[in-house]
Amino acid sequence: MTKKILLVLAVGVLSGLFIIPDSLYNSTGILLDVGLCMLLFSVGVDIGSNKDIFKNLKNVGFKLLIVPAATVLGSLFGGILCSILFKMNLFGSLAVASGFTWYTLSAIIITPVSAELGTIAFLTNVFREIIAFISIPFIAKHIGYLETIAVGGAISMDTGLPIITRNTSQEVVIISFISGIIISLMVPILVPIFVGLL
């Protein structure tokens with residue numbers, strides 16, 4: 001799966017550089033939305049076909065909140081660590097880390113205050129998403145299923161969901177979706193808070 005993702009990404013980059021004219025570039029957003037909707041529909045059908053999933057999740061209860069809480073705390077700890085290692089402003093680093101792979105929103109919030117930090121936020125969250133796509137199969141096989149959710153952050157409810165579905169169980173997919181929603185809700189709360197402290 002990782003090889004396929006890297007191959008498709010490489011073909012896409014080369015197509016954008018040498019084959020697809022700039023005039024067609026504007027329609028790629030529509031194709032992306034349609035493709036993503038089809039993927040999520042397929043995941044939904046797969047989840048709906050297993051009637052025992054929701055019973056099993058009922059037994060999990062509030063433990064569902066542990067995954068998004070650990071993801072948020074781990075990301076913020078990474079931001080603190082980066083601020084020390086790269087001698088960045090602590091709150092700027094925390095604002096970047098609070099993007100949780102939602103690169104468009106975090107960059108938009110940060111850029112009016114600092115174009116440099118906005119660029120760092122965009123690239124950091126794009127790279128985190130790419131790393132998540134590449135590493136999820138390895139993490140699922142060698143570390144654990146729930147950890148695949150944490151690595152993706154906000155994408156665990158949308159673009160990352162198909163690859164999590166392919167490499168984990170249906171119960172984990174539901175947890176992933178819920179976790180992704182909670183983490184996504186944290187982005188417009190935490191990023192402005194840390195930006196306001198710059």
Side-chain angles (χ1 to χ4, degrees), residues 5 9 28-30 32-33 35-37 39-40 43-44 57 60 62-86 88-136 139 145-165 168 172-198:
I5 289 168
L9 180 64
T28 56
I30 297 166
L32 196 66
D33 288 345
L36 181 59
C37 287
L39 281 171
L40 293 176
V43 170
L57 283 176
V60 173
F62 283 107
K63 291 179 185 175
L64 273 174
L65 300 176
I66 293 172
V67 175
T71 303
V72 169
L73 291 174
S75 297
L76 295 179
F77 177 75
I80 293 167
L81 195 62
C82 285
S83 75
I84 295 165
L85 291 174
F86 299 109
M88 288 177 65
N89 176 283
L90 174 63
F91 297 115
S93 186
L94 286 169
V96 170
S98 297
F100 308 124
T101 66
W102 194 350
Y103 49 85
T104 49
L105 182 62
S106 59
I108 287 169
I109 295 170
I110 296 170
T111 299
V113 176
S114 169
E116 181 185 359
L117 268 180
T119 304
I120 292 169
F122 179 80
L123 292 174
T124 299
N125 288 293
V126 167
F127 289 146
R128 180 175 175 179
E129 183 169 341
I130 292 169
I131 290 167
F133 286 139
I134 295 166
S135 63
I136 283 171
I139 292 168
Y145 284 178
L146 291 178
E147 288 80 354
T148 61
I149 301 170
V151 73
I155 65 161
S156 59
M157 74 168 198
D158 47 44
T159 55
L161 199 57
I163 194 166
I164 290 171
T165 303
T168 64
V172 172
V173 172
I174 298 283
I175 296 169
S176 177
F177 186 77
I178 294 167
S179 179
I181 290 171
I182 293 168
I183 292 167
S184 296
L185 290 171
M186 296 303 292
V187 177
I189 296 169
L190 291 178
V191 175
I193 287 172
F194 292 127
V195 167
L197 294 171
L198 281 171

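Along the sequence shown, residues are numbered consecutively beginning with 1.
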Would you compute the distance between atom [atom1] of [X] and atom [atom2] of [Y] and round it to the nearest 0.5 angstrom?
X	Y	atom1	atom2	result
I139	L146	CD1	CG	12.0 Å
I193	I189	CD1	CD1	7.0 Å
S114	I110	OG	CD1	8.5 Å
N125	I120	CG	CD1	11.5 Å
L94	L190	CG	CG	9.0 Å
L117	L198	CG	CG	6.0 Å

Over all heavy atoms of both residues, which pair between [X] and [Y] is shortest? Give the atoms and the distance, please.
X	Y	answer
L90	S83	CD1-OG, 3.5 Å
I163	F133	CD1-O, 3.2 Å
V187	S98	CG2-O, 3.6 Å
G92	N89	N-OD1, 2.9 Å

Between T101 and E129, is there a donor-acceptor pair closer than 3.5 Å when you use the side chain of the first and the backbone of the second? no

Does anything in residues 178-197 pair up under ring-ring contact (aromatic ring centres under 6.0 Å, His included), and if so which pairs, sequence neighbours excluded? none

For residues 90-126, which residue pairs pass the ring-ring contact (aromatic ring centres under 6.0 Å, His included) check, not counting sequence neighbours? Y103-F122

Which pairs of donor and acceptor atoms, one on a side chain in residues 175-184, lie under 3.5 Å apart (sequence neighbours left out)?
residue: S176; atom: OG; partner: S156; partner atom: O; Å: 2.6
residue: S184; atom: OG; partner: G180; partner atom: O; Å: 2.8

Which residues pass the side-chain contact (heavy atoms from CB on, under 4.5 Å) test with [X], sequence neighbours left out?
X	result
T119	L123
A97	none
I108	none

For E147, give me all partners under side-chain hydrogen bond (donor to acceptor under 3.5 Å, both in side chains), at least two apart in sequence or on another chain. none

N/O donor-acceptor pairs under 3.5 Å from side chains in residues 68-82, not counting sequence neighbours:
residue: T71; atom: OG1; partner: V67; partner atom: O; Å: 2.8
residue: S75; atom: OG; partner: T71; partner atom: O; Å: 2.9
residue: S75; atom: OG; partner: R128; partner atom: NH1; Å: 3.0
residue: S75; atom: OG; partner: R128; partner atom: NH2; Å: 3.4

Student check: side-chain heavy atoms of L105 and V191 closer than 4.5 Å: no

